Amino acid sequence: MEASNEGGTKNTLNVEYVTLGDNPLTEAELAQVVGGVPGLAQAMEGYLVANPDAPMEADMQGRRDGTGS
């Protein structure tokens with residue numbers, strides 16, 4: 001996230017999902033995942049506004065490599 005010229009934030013969010021087994025997501029499941037992304041971004045923004053010194057990068061990296069909780 002970075003500050004925008006309009007006073008808000010500019011976000012780029014990549015979502016990667018892993019399915020159980022070799023079964024791809026159905027159209028309904030994919031729509032549910034994609035539909036939840038804006039809410040996730042808003043929640044993250046709200047958290048960062050309320051906690052500007054939060055160590056997000058370390059936390060996110062830990063989750064990405066399987067070492068986080």
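If you're wondering where the values come from, they're calculated on a predicted model, not measured in any experiment.
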All side chain to side chain contact (heavy atoms under 4.5 Å, CB included) counterparts of Asn51, not counting sequence neighbours: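 For Asn51, the residues satisfying side chain to side chain contact (heavy atoms under 4.5 Å, CB included) (neighbours in sequence not counted) are Tyr47, Ala54.
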
Residue list, side chain to side chain contact (heavy atoms under 4.5 Å, CB included) with Leu25, at least two apart or on another chain: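 Scan of Leu25 (side chain to side chain contact (heavy atoms under 4.5 Å, CB included), adjacent residues dropped) gives Tyr17, Thr19, Glu29, Leu30, Val33.
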
Side chain to side chain donor-acceptor pair (under 3.5 Å) partners of residues 30-43, not counting sequence neighbours, each pair once: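 Qualifying pairs, neighbours excluded: none.
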
